[in-house]
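Here's the structure, in structure tokens; my notes come after.
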Amino acid sequence: MDTAVVPVPLGDRSYAVEIGPGVRARLPEVVAEIGVRKVAVVTSRPVEEVPDPGVPYTVVTVPDGEEHKTVATVERICLAFAEFGLTRLDGVVSVGGGTITDMVGLAAALFHRGLPVVHLPTTLLAQVDASVGGKTAVNLSCGKNLVGVYWQPQSVLCDTDYLRTLPDREWTNGYGEIARCHFIGAGDLRGLPLEEQIAASVRLKASIVTADERDDGLRHLLNYGHTLGHALEHASDFRVRHGEAVAIGTVFAGRLARALGRIDDARADEHREVVAHYGLPLELPSDVDTERLIALMRLDKKAMSGLTFVLDGPSGAELVTGVREDVVATVLDAMPRSGR
Ligand code: GLY
């Protein structure tokens, strides 16, 4: 496949997501188009994987991982910007996975009240989801992604060559997000070449973000499988990775929609089949109890009126509020359990 270019039309904040092997080589042109004088490249990757942006630059190395996605790390990044003398005429580049694009996006939004940022996502998860759409955030000790802003990048370069060395669990992480696209409008992506699956996921996300940049309604669809997913990540102290948790949450969403009479058995089974196709986990870990999961799901950002889920139904996926707790508990109790 040649490079796919997916536009994200957002008025004066519009940009393109370029997907394909070697697209990191476009960085100097992209930086020249933005017109910045110098850039800080923030990465968790080896320095040799950072492309030359074509203007004077510094490389700031920070650790990857949810445990490092904190206000303290954002402060460290901003201090490095200050030390390098970044001004409002300059820019920022991120090279890394989703935790890096989230943190660097936030640092770019805050430093001097906003510098242009270009994302070079290096994991499948970051390419299909985290780097696109302008959500930036860090975690607090009491919850995930609680401090953040919307800050759209100027460009996203998804170089699929970065995926060549991806560890197995990082593939799982990304495929969890691709699998949930099946139920929110992307259609059946199974069997397509990887780059086409990435492009289709990004195209779907771009269309949703364009319609609802600030997550007032439609953008909730992107959280398919995430209500249980986020609770499970938290309840397992992040032992269950995001994409794995979303995969289990997607199976659960199918079962819950079935229990509520919104879909039939065949459609509920399709949830399990799609998740299984990508080699993703289908079972809840045996040591995570139903009450704890429900307590965490009550804290979900979407939950403004009782337990709230994005669920499939006769008119497709939609936000469903006030789901009865006893139904949720029964469906959770009936989920298969693994020894993990
Ligand atoms: N990752 C969900 C969103 O960007 O809205």
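All values below come from the heavy atoms of this structure, side chains included, with hydrogens, waters and symmetry mates left out. In listed order, ligands and their atoms are each counted from 1.
Under the 30°/60° scheme for interplanar angles, the aromatic rings of F238 and H234 are found to stand perpendicular. Using cut-offs of 30° and 60° for the angle between ring planes, the H271 and F183 rings count as parallel.
Heavy-atom contacts of K135 reach the following atoms of ligand 1: 3 (C), 4 (O), 5 (O) (cutoff under 4.0 Å).
The shortest heavy-atom distance from E177 to ligand 1 is not under 4.0 Å.
Here the closest heavy-atom approach between residue V328 and residue F252 is recorded as CG1-CZ, 4.0 Å. Residue L311 comes nearest to R262 through the heavy atom pair O-NH2, 3.3 Å, listed as atom of the first residue, atom of the second, then distance.
Of all protein heavy atoms, the one closest to atom 1 (N) of ligand 1 is D129 OD2, 3.0 Å.
The heavy atom nearest to atom 5 (O) of ligand 1, considering only R219, R214, K205, is found in R219.
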